[in-house]
Amino acid sequence: PLNHAPGERIECDFGEISVDYPDGRRVKDVLIVTWSFSHAVFMIATPNHRTESVLHGMVAAFTFFDRLAREVWWDNPKTIATVVLRGRQRVLNDDYAALASHYRFDPCACMPARGQEKPDAESGVKALQRRACTPVPKVRDDQQLNEHLLSFCLAEMNRRVSGQTQTIGERFEIEKRLAIPLPAHRFDPCISRSVLIDKYQTATFEHNRYSVPKWAAFTGVTVKAYIDRI
């Protein structure tokens, strides 16, 4: 049995749902963050599985919970671990490593092809698809979709998990007393790269060129890539 102490562990994963927008049905990615002791859950729709989406979603989750666990568990996507070494050793993605350092949690990874090592996140994907998004949500935009997901997460706090006498919310209050408090400053959820402006007054980032003012030519700049802007 996978029993975990309060405040010890958070599990993360992505799930997919169908959503009806005014222009038709689309498949959306949703980041799911679940506490292993209390089963408190946070869900947020993201544009994709890219690093900036991971950073954006996890910062939003930590803000929602106002705490974080000592360990944060994932599978082994490239957005988390760029190289899988022997055992549980990993070479972390630089941007994810910066997130872990800022929030002071231990970044942990499941063994390859061992999804059962994070069953709460796997169950969270099923809950997303079967309970939060059945029938298919009808929304005007992504903001309304995230409001729908947030309402589900808040309602989950009043649910009792099978075999438990306390609600998820009551067990989460126990976790909060033992979890890590948030730092004074919020992490900036973006990919940050140093770039040299070329003679054409453009900054190159991931095979795309972005124009800058003439005075910036031949200078060094920092490019920040968020989920919705550069």
Side-chain angles (χ1 to χ4, degrees), residues 1-17 29-46 53-75 77 80 88 96 99-111 114-134 137 145-184 186-187 189:
L2 294 177
N3 296 321
H4 303 288
E8 177 185 28
R9 172 176 167 130
I10 280 175
E11 299 176 9
C12 306
D13 204 354
F14 274 99
E16 289 186 346
I17 56 171
D29 294 316
V30 176
L31 175 64
I32 300 162
V33 180
T34 308
W35 291 74
S36 297
F37 173 78
S38 64
H39 305 292
V41 65
F42 176 77
M43 302 175 177
I44 185 170
T46 60
S53 292
V54 171
L55 301 179
H56 175 84
M58 295 192 70
V59 170
F62 296 154
T63 303
F64 171 76
F65 292 124
D66 193 34
R67 290 292 189 279
L68 64 146
R70 292 183 290 276
E71 298 177 355
V72 176
W73 284 75
W74 278 87
D75 288 327
I80 304 301
R88 297 192 185 278
Y96 183 72
L99 178 79
S101 176
H102 183 87
Y103 285 108
R104 298 168 293 136
F105 64 79
D106 185 12
C108 301
C110 298
M111 296 294 286
R114 295 288 180 89
Q116 70 270 22
E117 291 189 348
K118 55 177 187 59
D120 295 295
E122 301 292 334
S123 298
V125 174
K126 295 178 182 177
L128 165 71
Q129 296 168 339
R130 297 177 183 177
R131 295 195 289 119
C133 295
T134 300
L145 172 60
N146 280 325
E147 290 171 356
H148 170 77
L149 294 174
L150 181 61
S151 296
F152 174 80
C153 297
L154 292 172
E156 282 288 277
M157 292 294 189
N158 298 317
R159 185 173 68 88
R160 283 187 175 86
V161 176
S162 177
Q164 301 291 343
T165 58
Q166 298 170 304
T167 66
I168 290 174
E170 290 169 340
R171 289 174 68 84
F172 181 62
E173 288 302 315
I174 298 173
E175 295 224 77
K176 287 183 70 174
R177 294 196 291 269
L178 300 172
I180 301 173
L182 297 186
R186 181 175 178 268
F187 182 81

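Bear in mind the structure is a predicted one, so any value in this text is a computation, not a measurement. All values below come from the heavy atoms of this structure, side chains included, with hydrogens, waters and symmetry mates left out.
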Checking side-chain contact (heavy atoms from CB on, under 4.5 Å) for the pair F14/V54: CA distance, chi angles, key distance, verdict?
CA-CA 9 Å; F14 274 99; V54 171; 3.9 Å; yes
Check: S36/E11 side-chain N/O donor and acceptor closer than 3.5 Å
yes
Under 3.5 Å, side chain of R67 to main-chain N/O of A179, donor-acceptor pair present?
no
Would you call the rings of F172 and F65 parallel, tilted or perpendicular if under 30° counts as parallel and over 60° as perpendicular?
tilted
Within the distance-only criterion (no hydrogens, no angle test), does the side chain of H148 pair as donor or acceptor with the backbone N or O of A132 below 3.5 angstrom?
yes
Passes side-chain contact (heavy atoms from CB on, under 4.5 Å), S101 versus L99? Steps please.
CA-CA 5 Å; S101 176; L99 178 79; over 6 Å; no
F105 vs E71 side-chain heavy atoms within contact, under 4.5 Å
no
So how far is it from L68 CG to I180 CD1, rounded to the nearest 0.5 Å?
4.5 Å
Report yes if the side chains of R131 and R159 come closer than 4.5 Å at any heavy-atom pair, otherwise no.
yes
Exercise: identify the closest heavy-atom pair between G57 and I44
CA-CG2, 3.8 Å
Look up atom SG in C110 and atom CH2 in W74, then write down how far apart they are to the nearest 0.5 Å.
11.0 Å
Please tell me if the side chains of W35 and R171 come closer than 4.5 Å, counting only heavy atoms from C-beta onward.
no
Taking only residues two or more places apart in sequence or in another chain, which ones pass side chain to side chain contact (heavy atoms under 4.5 Å, CB included) with I174?
P6, F37, Q166, R177
Under 3.5 Å, side chain of E156 to main-chain N/O of I168, donor-acceptor pair present?
no
Minimum-distance pair of heavy atoms, taken over all atoms of Q129 and I17
CG-CG2, 4.3 Å
Could you state the interatomic distance from CG (L128) to CD (E16), rounded to the nearest 0.5 Å?
10.0 Å
Is the distance between the ring centroids of F42 and F62 under 6.0 Å?
no
Tell me the closest heavy-atom pair linking R160 and T165, and the distance in Å.
NE-O, 2.9 Å
Hey, could you give me the CE/CG distance between M43 and L31, rounded to the nearest 0.5 Å?
10.0 Å
Sub-3.5 Å donor-acceptor pair from the side chain of D106 to the main-chain atoms of R70, do we have one?
no
Looking only at atom types and distance, does a side-chain atom of E170 sit under 3.5 Å from a main-chain N or O of T167, one as donor and one as acceptor?
yes
Note: P189 and V59 closest approach over all heavy atoms is CB-CG2, 4.1 Å
Judged by atom type as modelled, is there a donor-acceptor pair below 3.5 Å linking the side chain of E175 to the main-chain atoms of S38?
yes
What's the shortest heavy-atom distance between L182 and T63, and which atoms?
CD1-CA, 4.3 Å
Stepwise side-chain contact (heavy atoms from CB on, under 4.5 Å) test for C133 and L149:
CA-CA 8 Å; C133 295; L149 294 174; 4.0 Å; yes
Considering all heavy atoms, the nearest V33-A61 contact
CG2-CB, 3.8 Å
Does R9 make a cation-pi contact with W73 (under 6.0 Å, within 45 degrees of the axis)?
yes
Distance (rounded to the nearest 0.5 Å) between I10 CD1 and H4 NE2:
12.5 Å
Quick check for you: to the nearest 0.5 Å, what is the distance between D75 atom CG and C12 atom SG?
10.0 Å
